[in-house]
Amino acid sequence: MAQLVATLASTHHPFYLKATTMPPEQQMPQAPEWKRKVEAYRETLSRTKPDILVMIGSDHFHQIFLDNCPQFLIGKAERYDATFYNEEREFGIPKYVLEGDEDMSRFMHQSLMNQNFDLAFSNELKIDHSIICPIITVRPENDLPVVPIYTNIFAPPLHTPRRFYDLGRAIRKAIDDFPSDKRVAAIGTGHLSLELGGPRQFMETGPDPVFDRQAIEWLKAGDIDAILENVTHETMARNGNATHGFLNFILMLGVAGAEGADYVDNLDLFHTMEAYFTWYPKEQTA
Amino acid sequence: MSKYYVNKFLFTVDRDPDYLKRYTEDPRSFVVTWEQSIGPKLIGNEGEASTVHGFTTAERDALINHDYVALFEMGAHFFLNLTLFIGIYDEPYLTKSGPLSFQREFAAKLQHWRDKEYPSVET
């Protein structure tokens, strides 16, 4: 059976590449620290020597729109193009092609269906920055096949925090059951408090630094009970109108299994708190 | 009222460099063109017409005027509403007033919503 070797959950900041590769005299003051933190985080993945990456993200109205909007979707293809014109325009993210793993996608899809998660699927999925940002930060070589899974954190009605956690549990089971000797890492991205297109956007901090600190503590402790008691769609909307990206952190805690994180780091940037978590399955902690 | 159709406008323009240029330079004629020949195309099957949506006068005016405050108040999706107008205004504001100046002006114009429940983006 396949072996889960690491679960990573982080924010995805689309400006990381641009912010850390522009001429040094034009860089923001935090750029060197940001780069150091991301490179340290990258090491938490590379030390586990993964063969396949199961990647959880959320399309930002690039391929998926309101005419046909799945709650959860899995990519099943040999390869995936990545980065849309408007992401190149706004964030300066280059185009990529990612290798897929059709066998694992097929197995994952069937397993999730068997576990009562009716995922939509796509045989021609173009990946957006929710999955390319973590490739840039934790696997810039882009040398591993991926199984992409998208969640709807964007177009209400959204599934409950509980459902996201349970989907994470089901993805974990599918990885554990996958008949292969491959080493699998699961990587998901989302947000802590975030405001986009509203009155609290682009402030000196994220829209709700108190929530950000609390969310980091919950994830660090793996305290799913506290999260499910305290986090609802209404509370997330009060934390910032795009805070629902936190649902992907909840999903990743489901993959890891409600345990304390083995690696935790964060960085207070303009308008957002960046956060980086890694869990190693306890029996294999390196 | 069609929040969906407003979002369809923002979505189709944001992803197309030619539409974005035309909407930037002459929003009044571009909105007319969009209503006549772009909006009615079914997404993903452009040979098929979709006849069920249209703008209200207020929606049309908000789009013609690049009025992102009115669009926010109508419940246009926050991500589309931000991204499209960044595409139009970020560069000129950057040259004139520095990084993030457009984004901060956008936020400043919405301050009256700060402690209120925002209009729903559900469609």
Side-chain angles (χ1 to χ4, degrees), chain A residues 14-15 18-19 22 26-28 58-69 84-92 122 124 126 128-130 152-158 191 194-204 207 233-234 236-245 269-271, chain B residues 2-8 10-20 41-45 50 53 68-69 71-72 75-88 90-91 99-123:
Chain A
F15 284 109
K18 201 170 174 181
M22 60 172 59
Q26 293 170 27
Q27 288 182 10
M28 58 195 279
S58 302
D59 180 84
H60 300 63
F61 293 136
H62 288 120
Q63 180 164 343
I64 293 169
F65 186 57
L66 303 168
D67 62 320
N68 188 353
C69 190
F84 290 78
Y85 143 74
N86 42 10
E87 296 175 295
E88 287 185 281
R89 183 189 77 209
E90 188 172 348
F91 309 131
S122 172
E124 190 173 19
K126 185 159 182 171
D128 89 349
H129 70 268
S130 64
N152 174 21
I153 54 151
F154 225 44
L158 309 179
H191 300 289
L194 182 66
E195 177 102 343
L196 295 171
R200 294 170 290 173
Q201 70 177 1
F202 296 96
M203 302 192 302
E204 291 308 311
H233 294 143
E234 292 70 30
M236 284 187 282
R238 284 198 294 276
N239 302 137
N241 67 347
T243 304
H244 301 85
L269 277 179
F270 69 98
H271 90 89
Chain B
S2 176
K3 263 197 258 186
Y4 169 76
Y5 214 43
V6 168
N7 285 329
K8 187 176 182 182
L10 301 172
F11 171 76
T12 53
V13 178
D14 186 56
R15 65 192 346 223
D16 185 303
D18 174 52
Y19 293 170
L20 181 64
K41 289 177 180 168
L42 196 62
I43 291 172
N45 185 350
S50 166
H53 293 289
Y68 50 80
V69 173
L71 293 168
F72 174 92
H77 197 280
F78 54 84
F79 186 84
L80 295 168
N81 193 33
L82 176 63
T83 304
L84 178 60
F85 290 105
I86 282 179
I88 295 175
D90 188 44
E91 224 171 270
L100 298 178
S101 52
F102 172 67
Q103 289 83 338
R104 291 195 172 119
E105 182 175 303
F106 190 127
K109 287 185 177 173
L110 286 168
Q111 283 308 302
H112 53 292
W113 283 97
R114 180 134 184 177
D115 294 314
K116 295 183 191 157
E117 192 179 331
Y118 301 170
S120 169
V121 299
E122 186 163 353
T123 47

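So that the names make sense, note that chain A is the first sequence line, chain B the second, and so on, each numbered from 1.
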Interface moiety of B:P99 toward chain A, non-hydrogen atoms closer than 4.5 Å: neither

Interface moiety of B:K109 toward chain A, non-hydrogen atoms closer than 4.5 Å: neither

A:P157 portion near chain B, given a 4.5 angstrom heavy-atom threshold: both

Side chain to side chain contact (heavy atoms under 4.5 Å, CB included) assessment of B:F102 paired with A:F202: CA-CA 10 Å; B:F102 172 67; A:F202 296 96; over 6 Å; no

Heavy-atom contact with chain A under 4.5 Å, split by part of B:D16: backbone

Contact winner vs chain A - B:V121, B:D90, B:T83, B:L42, heavy-atom pairs under 4.5 Å: B:T83

Contacts of type side-chain hydrogen bond (donor to acceptor under 3.5 Å, both in side chains), residue A:R89, not counting sequence neighbours: A:Y85, B:D14

Counterpart residues, side-chain hydrogen bond (donor to acceptor under 3.5 Å, both in side chains), relative to B:Y118 (two or more places apart): A:E195, A:R200

Choice from B:F72, B:F11, B:F106 maximising heavy atom contacts with chain A below 4.5 Å: B:F11

Part of B:S120 within contact of chain A (heavy atom distance under 4.5 Å): neither

Worked check of side chain to side chain contact (heavy atoms under 4.5 Å, CB included) between A:F154 and B:H77: CA-CA 9 Å; A:F154 225 44; B:H77 197 280; 3.8 Å; yes

Proximity breakdown for B:R104 and chain A, heavy-atom pairs closer than 4.5 Å: side chain

Rounded distance (nearest 0.5 Å) linking atom CG of B:L80 with atom CG of A:L66: 7.5 Å

Part of A:A242 lying under 4.5 Å from any heavy atom of chain B: both

Contacting moiety of A:E90, where chain B heavy atoms sit under 4.5 Å: side chain

